Amino acid sequence: MKLLLIEDNATMQTTLRRSFERRGVQVIGCDDGARALALWQASLPDAVLLDLSLPGMDGLEVLSQARAAGLETPVIILTARGTVGDRILGLNTGADDYLPKPFDLDELEARLRALVRRSGNADSSPGAGRGPVWCGMHVEKDSGAVYFAGQPMELAPRELSLLQALLGKPGHAIAKERLFELVFPGENHVQPEAIEVVAYRLRKKIAHTGAQLVTLRGLGYLLKADS
């Protein structure tokens, strides 16, 4: 799923981006109303999460112009404006759902996936629920689980997060700092070296797949196929 996240609160945008990326969702972030409309038209996402309080052009105006331009992408409004009148106005402008802040991330994801299924934007062809296969491994888009040769791999949550990130760019180095953010989101008390422990454990668990987890000093980690 490709998600356009239109949110001007930097902390909220970072939290949502990390959460959805860990669950296999591609996130395009934007914090400005006018630019959001251009991104919407250019990227054609599967769904949009839209905050109402945006600089330059507020969320309702973004939504109104998008609908006027024929963009039918499912939209969930996220906002601190929680009155019934605000909800009715948002829905009448063209939103598909409305979730007031603060909200539960699991509920948000469930609503989002339900909207995409109902809209038909989610690919329903055979194999559409999984990402590309590499060395016999693939990430299931809905659950985020990693499968090898058709069977789910038994991984601890942090090992799973690391493998998900590496499978997103096999053969390409990913910085340790970026991987740390994905594996330990918001856990400021954890030392940066903890990612090395997770990588060590994951390296042993994928040894049978034909893939190697390689450490590149000063660059990070990458997955490569056994030669």
Side-chain angles (χ1 to χ4, degrees), residues 1-31 47 49-51 53 76 78-80 99-113 131 134 137-148 152-207 209 211-224:
M1 185 197 305
K2 181 163 60 175
L3 173 66
L4 176 58
L5 171 60
I6 307 172
E7 168 64 65
D8 70 326
N9 183 294
T11 301
M12 176 69 73
Q13 184 173 141
T14 299
T15 299
L16 289 174
R17 178 190 290 273
R18 289 175 176 172
S19 176
F20 279 112
E21 286 180 344
R22 290 184 67 186
R23 303 175 192 215
V25 177
Q26 178 187 351
V27 180
I28 302 168
C30 183
D31 59 4
L49 293 183
L50 175 63
D51 183 37
S53 301
I76 297 181
L78 303 176
T79 183
L99 201 57
K101 300 175 182 177
F103 49 81
D104 181 83
L105 284 172
D106 290 332
E107 180 185 1
L108 173 58
E109 183 187 13
R111 291 190 183 206
L112 183 66
R113 293 192 182 279
W134 188 83
M137 294 183 287
H138 72 270
V139 180
E140 285 290 320
K141 294 180 180 178
D142 287 338
S143 66
V146 176
Y147 283 70
F148 173 68
M153 299 184 69
E154 295 184 4
L155 302 170
R158 287 170 177 163
E159 296 164 358
L160 176 61
S161 296
L162 179 56
L163 185 54
Q164 287 172 338
L166 293 167
L167 282 172
K169 292 185 176 181
H172 296 271
I174 303 178
K176 288 175 65 175
E177 295 79 8
R178 175 58 178 156
L179 292 172
F180 182 88
E181 291 176 354
L182 294 172
V183 174
F184 300 94
E187 299 184 50
N188 298 326
H189 62 286
V190 179
Q191 295 299 312
E193 293 77 14
I195 192 68
E196 298 173 9
V197 177
V198 181
Y200 172 78
R201 293 173 179 167
L202 179 61
R203 185 176 288 115
K204 294 195 295 183
K205 290 190 177 181
I206 65 171
T209 67
Q212 293 182 33
L213 174 51
V214 179
T215 303
L216 301 176
R217 294 191 180 278
L219 294 176
Y221 296 99
L222 66 77
L223 282 180
K224 77 171 201 175

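Quick note: residue numbers are just sequence positions, from 1. On a predicted model such as this, the values are computed, not experimentally measured, just so you know. Side-chain atoms are counted along with the backbone in the values below, which use heavy atoms only and exclude waters and symmetry mates.
- The number of heavy-atom neighbours closer than 6.0 Å to OH of Y200, taken from other residues, nucleotides and ligands shown, is 12 or below.
- Qualifying side chain to side chain contact (heavy atoms under 4.5 Å, CB included) partners for F180, counting only residues two or more places apart in sequence or in other chains: F184, V190, I195.
- Taken to the nearest 0.5 Å, the CG atom of L16 stands 7.0 Å off from the CG atom of L49.
- The shortest side-chain heavy-atom distance between I6 and D51 does not fall under the 4.5 Å cut-off.
- Side-chain contact between F20 and L108: present, with at least one pair of heavy atoms (C-beta onward) separated by less than 4.5 Å.
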L202 vs L213, side-chain contact (heavy atoms from CB on, under 4.5 Å): CA-CA, chis, key distance, verdict = CA-CA 8 Å; L202 179 61; L213 174 51; 4.2 Å; yes
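- Atom CD of E154 has 12 or fewer heavy atoms from other residues, nucleotides or ligands within 6.0 Å.
- A search for salt bridge (charged side-chain N to carboxylate O under 4.0 Å, His left out) contacts involving E107 returns R111, not counting sequence neighbours.
- Listed by chain and residue number, R23 satisfy the salt bridge (charged side-chain N to carboxylate O under 4.0 Å, His left out) test with D106 (two or more places apart in sequence, or in another chain).
- Here the options are R201, K205, K204, the test is side chain to side chain donor-acceptor pair (under 3.5 Å), and the partner is E159; only K205 passes.
- Residues satisfying the side chain to side chain contact (heavy atoms under 4.5 Å, CB included) criterion with T209, sequence neighbours excluded, are M137, F148, M153, I206, A211.
- Taking P185 as the reference, R18, R22, E187 meet the side chain to side chain contact (heavy atoms under 4.5 Å, CB included) condition, with sequence neighbours excluded.
- Within the 4.5 Å cutoff, no side-chain heavy atoms of S161 are placed close to those of L182.
- V214 meets the side chain to side chain contact (heavy atoms under 4.5 Å, CB included) test with Q212, L216, L222, K224; sequence neighbours excluded.
- Residue V139 forms a side-chain contact (heavy atoms from CB on, under 4.5 Å) with just one option from V146, L163, L160, and that option is V146.
- Here the shortest heavy-atom pairing between P100 and F103 reads O-CB, 3.7 Å.
- Side-chain contact between L5 and I28 is absent, with no heavy atoms from C-beta onward closer than 4.5 Å.
- Shown here for R158 and V198, the closest heavy-atom pair between the two residues is O-CG1, 3.6 Å.
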Could you pull out all donor-acceptor pairs under 3.5 Å where a side-chain atom in residues 171-179 meets a protein atom, sequence neighbours excluded?
unit_1	atom_1	unit_2	atom_2	d
K176	NZ	E196	OE2	2.7
R178	NH1	E181	OE1	3.3
R178	NH2	E21	OE1	2.7

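- Within the structure, the side-chain hydrogen bond (donor to acceptor under 3.5 Å, both in side chains) test picks out the following pairs touching residues 1-16 (sequence neighbours left out): E7-K101.
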